[in-house]
Amino acid sequence: MSTATKFENQVVCTMDDLIAQSGVCVYWQGHQIAVFYLPKETPKIYAIGNHDPIGKANVLSRGIVGDIKGRLVVASPLYKQHFDLVTGECLEDASVSVPVYSVALAGDKVVIDF
Amino acid sequence: MTAQKIVVVGNGMVGNHYVEQLLASGLDARITVIGGETRPAYDRVHLSEVFSGKNPEDLALCTRDQYKNAGVDLQLGDPVVRIDREGKAVITNSGRSFPYDKLVLATGSYPFVPPIAGNDLPGCMTYRTIDDLGEIRAMARKSKTGVVVGGGLLGLECANALKNLGLDAHVVEFAPGLMGVQLDEGGSRMLRRKIEALDVKVHTSKATQKITKGEKARLKMSFADGSDLETDMIVFSAGIRPYDQLARESGLEVGPRGGIVIDYHCKTSDSDIFAIGECALFGGMIYGLVAPGYRMAEAALSQLTADKVPFKGADMSTKLKLLGVDVGSIGDSHGKTQGSMAYVFSDERQETYKKIVVSSDGSKLLGSVLVGDCADYDTLLQYYLNGIDLPENPESMILPSVAGGAPALGAAALPATATICSCYNVSKGGIIEAIDGGCCSAAEVKAETGASSGCGGCAALLKNVVDSELEARGVSVDKSICEHFAFTRQELFHICKVEKIQSFDALLQGHGKGRGCDICKPAVASILASLWNNYILEQDHVGLQDTNDHYLANMQKNGTYSVVPRVAGGEITPDKLIVLGEVAKKYNLYTKITGGQRIDLFGARVDQLPGIWADLVAAGFETGHAYGKALRTVKSCVGSTWCRYGVQDSVGMAIYIENRYKGLRSPHKLKSAVSGCTRECAEAQSKDFGVIATENGWNLYLCGNGGMKPRHADLFATDLDDETLIRYIDRFLMFYVRTADRLQRTSVWLENLEGGIDYLREVVIEDKLGICAELEAQMDSVVGTYQCEWKTTIESEDKLKRFRQFVNAPDAQDENVVFVQERGQIRPANDDERAEIIARSA
Ligand code: SRM
Ligand SMILES: Cc1cc2nc3c(=O)[nH]c(=O)nc-3n(C[C@H](O)[C@H](O)[C@H](O)COP(=O)(O)OP(=O)(O)OC[C@H]3O[C@@H](n4cnc5c(N)ncnc54)[C@H](O)[C@@H]3O)c2cc1C
Ligand code: SF4
Ligand code: FES
């Protein structure tokens with residue numbers, strides 16, 4: 001993930017754009033980032049790369065979120081592998097992972113630190 | 001005492017089994033194995049699977065390393081040519097000598113090639129080893145036609161292999177019928193009919209006199225009746241002959257037609273030499289199957305240990321699939337026993353043949369022949385092997401279920417001695433012992449006893465026995481849907497219904513743990529939809545849906561979606577067809593007619609879906625639920641309106657049915673079809689519920705399936721009027737929705753339903769459970785609350801917000817989605833094409 005140029009904190013969307021218990025996708029300078037809003041968790045918001053390295057398509061924002069043995073995950077809608085929302089690791093294949101972004105809420109703004 | 005030297009000649013299936021058992025017995029021995037083939041033992045039984053895609057390596061039964069690590073001296077590719085009985089040693093082809101205290105001959109057999117002039121011309125071959133496979137494959141590449149000489153079990157399997165290799169396959173049999181050893185005349189005739197339907201040409205009563213060079217093909221076979229047949233290759237499969245030269249030449253007793261004579265202890269006429277497997281002759285018989293060979297190996301080994309188990313012959317009953325045709329033969333299939341009586345049921349339309357042979361007083365089963373349908377095999381075999389008393393009307397064992405059906409033999413009814421797995425000789429008692437020893441599932445029993453790890457034919461029975469045994473002990477088998485709920489789908493359904501639960505969160509709070517996952521969330525969403533039928537994109541439900549349900553379209557491999565509008569019964573007006581074409585053009589979508597009589601539009605981006613649907617809804621289309629575990633299509637044939645044979649309006653009925661059940665969420669997808677007469681052009685018998693018109697009304701078929709494991713639907717009720725038909729379907733569907741497992745199609749559900757189709761009739765027709773009124777009311781409520789999900793969605797500003805590719809960049813494109821043109825339409829670019837296109841545009 002560290003290959004990306006270092007940007008300042010970037011407002012990518014507002015709270016209003018998010019879907020509770022689910023994901024949306026934001027676009028920033030060629031990056032596709034899946035942002036998940038889980039109001040009952042702490043923190044409430046998570047961001048990982050939208051590209052599914054196994055299904056080879058930009059779809060992770062459209063997966064189902066949940067937990068597997070306590071780890072917060074999203075299941076890829078293509079072939080159902082699980083990706084850890086905190087570490088980006090693929091639970092089914094340790095050699096595969098997706099980038100994780102630092103994301104925060106500032107008022108009703110969603111801010112990603114590139 | 002020093003360890004005794006044991007030499008095993010032949011490393012085939014039986015020889016290998018002997019070594020495995022020997023190692024397991026812990027006997028102190030120095031073991032040498034000498035194999036004629038260059039490979040360690042492999043699974044000959046599944047040889048032909050190499051033609052349908054298996055690797056030869058997958059057939060291995062052991063490896064050189066395994067033998068080495070166990071201290072076995074394995075010599076391959078150097079066959080034994082002589083036994084020096086006096087010096088107690090065997091001598092190999094290369095001249096090496098291996099001394100023995102005990103010698104075990106497991107040399108198997110070779111294919112018999114009839115003495116016909118020309119049988120050694122190029123293109124003539126045999127089929128027994130992995131090397132043979134290579135030669136057959138190489139020859140097939142240069143051939144168009146292939147003949148198998150011999151219409152027995154192996155010959156037919158070989159014909160299948162030739163067909164898989166793309167050849168025009170023929171079977172030439174000397175006798176008047178196929179598989180004469182196992183089948184009676186009627187069974188043999190039915191088998192022939194089915195095999196010919198698969199385009200394998202069968203020539204019976206043909207004695208080949210000579211083989212010469214052909215004119216149009218490589219070879220020409222001339223028959224005794226004056227006819228001839230040209231072919232590019234010939235595989236001989238006219239029976240087997242035991243490899244007994246070693247024994248013969250060293251003065252051991254052999255049978256008049258070959259085979260090394262052995263006694264109850266598998267000893268030959270030299271008490272230090274044993275013979276086992278297909279080279280051995282016991283009671284005047286060669287056992288050409290692997291299970292009896294394994295029993296011989298165990299008997300021979302036990303002579304060196306304390307227990308001394310005798311070999312007393314073996315049952316030769318078999319069940320197999322030849323060219324996809326089920327064939328079974330049990331015991332005295334020809335009815336040769338004095339005073340025996342036979343019952344025969346032959347159905348030329350379904351192409352099944354079933355015969356049972358019973359004792360003169362009708363109380364015991366002596367034998368059976370099954371062709372085209374082996375569903376009853378397991379039960380019949382248990383009656384036969386265990387001498388269980390037949391029911392009062394033995395014919396009920398083979399009559400189709402319309403007339404009452406065979407009494408299913410529950411696992412609990414079997415005696416402890418009943419053999420469950422004949423490959424590994426595991427009895428019901430052995431399974432019970434394994435469970436006593438702590439096994440808690442079929443998988444554990446399999447690992448412990450080996451049961452069902454051979455041919456696999458006993459897997460279903462094994463599971464039944466294990467489950468019934470566990471249940472009898474009050475052990476509950478863990479059927480939890482996932483780590484978040486310790487319940488089955490059926491139990492969750494019940495909880496939601498009784499407690500009137502309306503949301504996933506409420507269910508999780510009351511009855512689950514954690515946060516849920518991609519298994520339980522969609523399953524619960526489906527249950528809530530079946531019960532309350534709320535709009536699935538409501539705030540509470542949206543996070544539960546699979547992407548297909550979430551976006552009301554089917555995700556494709558590149559992340560775009562396909563759109564399938566409903567075309568009830570496959571009937572569509574020209575105007576609507578034009579609209580589909582116009583929409584496809586406007587959004588540049590790929591179009592294809594589906595296998596379900598409708599039109600699929602592929603390649604839509606998320607943000608295009610609302611626009612596409614606005615156009616479609618305006619033209620009167622509704623969502624087709626191609627994305628949901630819900631009713632898909634009700635196919636129709638044209639029926640009495642146009643067709644000269646039709647007896648009812650099948651299109652009208654299909655449209656009515658499709659409109660009634662559209663939107664019904666279920667454990668898995670549901671499909672249906674209505675045919676206008678018995679010609680069955682709508683293929684209704686492969687559907688979850690199928691309807692076929694009769695002169696007097698409709699026949700209803702239930703629980704059919706196409707797909708991965710096809711199942712013919714069962715005839716459930718006949719000559720129904722419209723109203724009764726719909727009532728039965730209402731009840732059937734709701735009963736299924738309530739009781740099935742997650743992702744269980746009706747076919748598998750029925751197969752697991754205790755009591756089967758008869759029980760289903762009792763529930764649906766006779767209202768045995770007293771729930772029919774409730775089932776109908778629930779269906780009425782679902783039908784009454786139907787809404788087109790797409791219409792609701794495009795009418796709501798808020799819902800449409802979700803169909804944004806990127807929430808912050810309406811004009812950005814997913815660079816990963818790239819199309820190329822093919823046959824005048826778009827298709828997703830493959831990886832190379834995409835890389836090239838992106839490089840060019842950069
Ligand atoms: C589009 C279509 C193929 C076509 O181009 O003709 C199709 C496409 C898919 N089928 Fe199918 N099936 C299509 C007709 C069939 C049929 C034929 C029929 O319905 O008459 C069958 C066999 C009949 C049956 O279901 O018994 C069929 C048996 C399956 C199965 C195996 C089901 C089984 O029980 O064994 C699957 C896998 C599954 O559902 O788990 C499947 C799954 C799929 C999926 C959903 C695979 C996937 O996850 O992507 C495909 C969705 C593609 C899409 O986006 O639309 N499809 N599929 C057909 C859509 C018909 C329609 O108008 O809705
Ligand atoms: C295509 C096919 C399908 C079959 N399907 C079934 C089925 O569905 N069910 C079933 O029960 N059975 C089936 N069989 C039969 C089953 O494979 C045999 O019963 C089983 O392999 C017999 O085992 P065996 O060890 O006696 O002989 P083999 O497996 O033939 O092994 C004998 C070995 O000894 C070697 N050998 C011979 N002479 C010497 C020598 N002098 N020195 C050293 N080594 C020697 C041979 O090269 C061979 O490797 C099938 C057979 C074939 C060919
Ligand atoms: S058969 Fe396989 S590839 Fe073809 S549509 Fe169905 S699921 Fe897709
Ligand atoms: S009967 Fe062959 S594995 Fe059990």
Side-chain angles (χ1 to χ4, degrees), chain A residues 10-41 50-52 54-83 85 91 109-110 112, chain B residues 482-484 503-505 508-509 512-522 525 537 539-551 553-561 605-607 627 798-799 801-817 828 830-831 834:
Chain A
Q10 191 65 52
V11 175
V12 288
C13 61
T14 64
M15 284 288 286
D16 198 36
D17 290 317
L18 303 178
I19 306 173
Q21 302 298 347
S22 184
V24 299
C25 187
V26 301
Y27 187 87
W28 184 250
Q29 307 231 334
H31 297 272
Q32 291 192 22
I33 301 156
V35 180
F36 299 94
Y37 177 44
L38 310 177
K40 279 180 266 170
E41 308 293 332
N50 192 38
H51 189 71
D52 170 356
I54 294 169
K56 298 206 174 74
N58 294 315
V59 296
L60 291 184
S61 61
R62 292 178 247 155
I64 294 182
V65 289
D67 73 324
I68 300 289
K69 302 213 163 67
R71 292 166 77 176
L72 275 183
V73 293
V74 59
S76 165
L78 277 172
Y79 303 114
K80 318 289 170 185
Q81 290 88 1
H82 299 91
F83 294 90
L85 294 184
L91 270 57
K109 306 249 182 314
V110 179
I112 294 187
Chain B
C482 68
E483 66 179 76
H484 304 103
S503 74
F504 180 80
D505 285 348
L508 190 67
Q509 248 168 36
K513 59 173 193 278
R515 306 163 173 100
C517 66
D518 55 307
I519 305 284
C520 57
K521 282 183 170 179
L537 296 190
Q539 184 54 49
D540 270 355
H541 303 322
V542 69
L544 310 178
Q545 311 295 352
D546 266 320
T547 192
N548 285 2
D549 278 307
H550 194 146
Y551 293 99
N554 293 48
M555 180 178 275
Q556 304 299 311
K557 59 201 275 189
N558 62 354
T560 62
Y561 289 85
R605 296 190 315 264
V606 168
D607 54 291
Y627 45 80
D798 187 45
K799 302 289 182 288
K801 260 179 58 188
R802 300 209 176 108
F803 292 84
R804 290 181 292 174
Q805 178 105 328
F806 306 111
V807 291
N808 61 340
D811 300 323
Q813 296 283 331
D814 182 347
E815 291 97 356
N816 206 42
V817 174
N830 61 37
D831 290 352
R834 191 169 52 217

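By convention in this document, chain letters (A, B, ...) are assigned in the order of the sequence lines, proteins followed by strands, and residues within each chain are numbered from 1. What you see below is based on every heavy atom in this structure, not just the backbone, and it leaves out hydrogens, waters and symmetry mates.
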Student: Check whether any side-chain heavy atom of K80(A) lies under 4.5 Å from a side-chain heavy atom of D546(B), and answer yes or no.
Tutor: yes

Student: Mind ranking V24(A), V73(A), I68(A) by heavy-atom pairs under 4.5 Å with chain B and telling me who comes out on top?
Tutor: I68(A)

Student: What pairs of donor and acceptor atoms, side-chain ones from residues 54-66 of chain A against any protein atom, are under 3.5 angstrom apart with sequence neighbours left out?
Tutor:
unit_1, atom_1, unit_2, atom_2, d
N58(A), OD1, H51(A), ND1, 2.9
N58(A), ND2, D814(B), OD1, 2.6
N58(A), ND2, D814(B), OD2, 3.4
S61(A), OG, N50(A), OD1, 3.2
R62(A), NH1, G559(B), O, 2.9
R62(A), NH1, Y561(B), OH, 2.9
R62(A), NH2, N58(A), O, 3.3

Student: Please rank A809(B), C517(B), G543(B), G516(B) by heavy-atom pairs under 4.5 Å with chain A and give me the top one.
Tutor: G516(B)

Student: Could you tell me which non-hydrogen atom of F36(A) sits nearest to which non-hydrogen atom of G23(A), and how far apart they are?
Tutor: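 Smallest heavy-atom distance, with atoms named: CD2-CA, 3.5 Å.
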
Student: Partners of Y37(A) by side chain to side chain donor-acceptor pair (under 3.5 Å), sequence neighbours excluded?
Tutor: none

Student: Among D16(A), V26(A), L18(A), single out the residue with the greatest number of heavy-atom pairs under 4.5 Å to chain B.
Tutor: V26(A)

Student: Relative to chain A, which segment of V807(B) carries a heavy atom at a distance below 4.5 Å: side chain, backbone, both, or neither?
Tutor: both

Student: Answer yes or no: is there an ion pair linking R804(B) with D17(A), defined by an N-O contact shorter than 4.0 Å?
Tutor: yes

Student: Among T14(A), V12(A), V11(A), which has the most heavy-atom pairs under 4.5 Å with chain B?
Tutor: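 Of T14(A), V12(A), V11(A), V12(A) has the most heavy-atom pairs under 4.5 Å with chain B.
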
Student: Does any heavy atom of chain A fall under 4.5 Å from the side chain of Q539(B), the backbone, both, or neither of them?
Tutor: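 Q539(B) touches chain A through side-chain heavy atoms alone.
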
Student: Given that the side chain runs from C-beta out, which part of D505(B) has a heavy atom under 4.5 Å from chain A: side chain, backbone, both or neither?
Tutor: side chain

Student: In terms of heavy-atom proximity below 4.5 Å to chain A, should V817(B) be classed as side chain, backbone, both, or neither?
Tutor: neither

Student: Is the side chain of N558(B) donor-acceptor paired with the backbone N or O of T560(B) at a distance under 3.5 Å, no angle test?
Tutor: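 Present.
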
Student: Do the charged groups of E483(B) and K513(B) touch, with an N to O distance under 4.0 Å?
Tutor: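 So E483(B) does not pair with K513(B) through a salt bridge.
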
Student: Less than 4.5 Å to any heavy atom of chain B: does that hold for the side chain of K69(A), its backbone, both, or neither?
Tutor: both

